[in-house]
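Order of the sequence lines sets the chain letters (A, B, ...), proteins ahead of strands, with each chain counted from 1. Being a predicted model, the structure only gives us computed values, none of them experimental.
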Number of protein chains: 2
Amino acid sequence: MEQATAGKALDDIVSAERSRGGGDHARSAHGDAWGALTRTHAAIVQRLQEMLSAADFPPLPWYEVLATVAEAPQEQMRMGDLAEALVITRGGLTKLVDRLVKAGLLERTFCETDRRVSYATLTPGGRDLLAEMRPAVIAELEVAFSANLSVAQANELRQTLDSVRGSACAS
Amino acid sequence: MEQATAGKALDDIVSAERSRGGGDHARSAHGDAWGALTRTHAAIVQRLQEMLSAADFPPLPWYEVLATVAEAPQEQMRMGDLAEALVITRGGLTKLVDRLVKAGLLERTFCETDRRVSYATLTPGGRDLLAEMRPAVIAELEVAFSANLSVAQANELRQTLDSVRGSACAS
DNA sequence: CAAAAACAGTTGTAGTTACAACTATTGCTT
DNA sequence: AAGCAATAGTTGTAACTACAACTGTTTTTG
């Protein structure tokens, strides 16, 4: 693997910098929280991708699509809603779904009453693959989170993040 | 802007699904925390990118490089350490730094004692641009975080995330 | 009801990224 | 000291993504 394997060096540098009271660019608590958020997110994504490729599973975005569609009523979702849920562009989603359709994991279905909309619908193959992948992903997340976080702390974390997102999305 | 603007629809679906006790695929607290983490991260990244492009600033990865290098001693950093801090591949960093060098924001310097290593070093132009961008980024983060989070909560959030990353990086 | 505006999704293109193979330098082994 | 392994960084290629322009459908409006 060519993936960079972690990020502790920067923290040392930053905290050293801060403790010697040096920089004229003191950072805010919120900025620090943002830094921790990005780095933690990237580290976990990296860990998941590493695990998936080692297990010969499709990449993480595929899993996210399958997991999201599977949770929707009737295992189908409008393209626009799916793009919004995954926080990617609609153009990008079109091509991502194309690949999943070609792999037989999704199929496109259409709306009778509004012929503009199309749905991404889970196929049996997609459902099966998701059932295979989910335990592996959950397990990986468990070791990442559960080692240092109780369930209560995890819930608190989720709540905090959701509230932040709520205000971040106040478009 | 073609960016998807938020993600509340999915939450509704998920919570509806959960409250009617329907799915045979109950999710764990840690899985929920992960979902909140990804979505919040993506939403804030989106918000920042939108702001930067509206203000005719370079994209977010450029800012992250500049900000990271600026915090290092002597405003310079080894390529490998920089890649690790940004949690991207070294190959990707090479080309990213290429672009920043071409824009006059960084320059490559070399190590006397070990001729393998090269440093990314901040130029005056890079320092100036960072000084322009930083307030804008900080302000954007303030509105995203500060609306729903006290400083104490932000610190707690940072601490929680750091501890998660600590175990996630136990390679 | 016809024209215009809004909406849902796709396509074309360019920029960015990751992955793997490669070069060059240093450290280790005997 | 010669040879082998490990390290630092770059490069080539393929895949992915965003952005903008486009087609087709529905809704609004004059």
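- Rounded to an integer number of Å, the gap from A:L82 CG to C:dT10 P is 11 Å.
- In the hydrophobic clustering, B:V117 connects to B:Y119, either directly or through intervening members, whenever side-chain heavy atoms lie under 4.5 Å apart.
- Connectivity analysis of hydrophobic side chains (ILVMFWY, heavy atoms under 4.5 Å, direct or indirect) links B:V151 to nothing; its cluster partners are none.
- If you check C:dT10, C:dA8, C:dA18 against the side chain of B:T89, the one that comes closest is C:dA18.
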Donor-acceptor pairs under 3.5 Å, side chain of residues 100-111 of chain A to any protein atom, not counting sequence neighbours: which ones?
residue, atom, partner, partner atom, Å
A:R108, NH2, A:T94, O, 3.3
A:R108, NH2, A:D98, OD1, 2.4
A:T109, OG1, A:T121, OG1, 2.7

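- Side chain of A:Q153 to backbone of A:S150: a donor-acceptor contact under 3.5 angstrom is found.
- Considering only residues two or more places apart in sequence or on other chains, B:R127 meets the salt bridge (charged side-chain N to carboxylate O under 4.0 Å, His left out) condition with B:E75.
- Fit an axis to the five pairs at each end of the helix from C:dC1-D:dG30 to C:dT30-D:dA1 and the two axes sit 20° apart, to the nearest 10 degrees.
- Here C:dA8 presents its P atom at 16 Å from CD of A:Q76, a figure rounded to the nearest Å.
- In this structure, the side-chain hydrogen bond (donor to acceptor under 3.5 Å, both in side chains) partners of A:E140, at least two apart in sequence or on a different chain, are A:R47.
- Under a 3.5 Å cut-off, the side chain of A:S163 and the backbone N or O of A:T160 do form a donor-acceptor pair.
- Taking a 4.0 Å limit (strictly below) on heavy-atom distances, residues 112-121 of chain A reaches DNA chain D at A:T113, A:D114, A:R115, A:R116.
- Shown here are the salt bridge (charged side-chain N to carboxylate O under 4.0 Å, His left out) partners of B:D114, two or more places apart in sequence or in another chain: B:R116.
- A:A36 is linked by a side-chain contact (heavy atoms from CB on, under 4.5 Å) to B:R158, B:L161, B:D162, counting only residues two or more places apart in sequence or in another chain.
- Rounding to whole angstrom units, CZ of residue B:R78 and C1' of D:dG9 are separated by 11 Å.
- Applying the ring pair (Phe, Tyr, Trp, His ring centres under 6.0 Å) definition to pairs two or more places apart or across chains, those involving residues 35-84 of chain B are A:W34-B:H41, A:H41-B:H41.
- DNA chain D lies under 4.0 Å from at least one heavy atom of each of the following residues of residues 95-111 of chain B: B:K95, B:R108.
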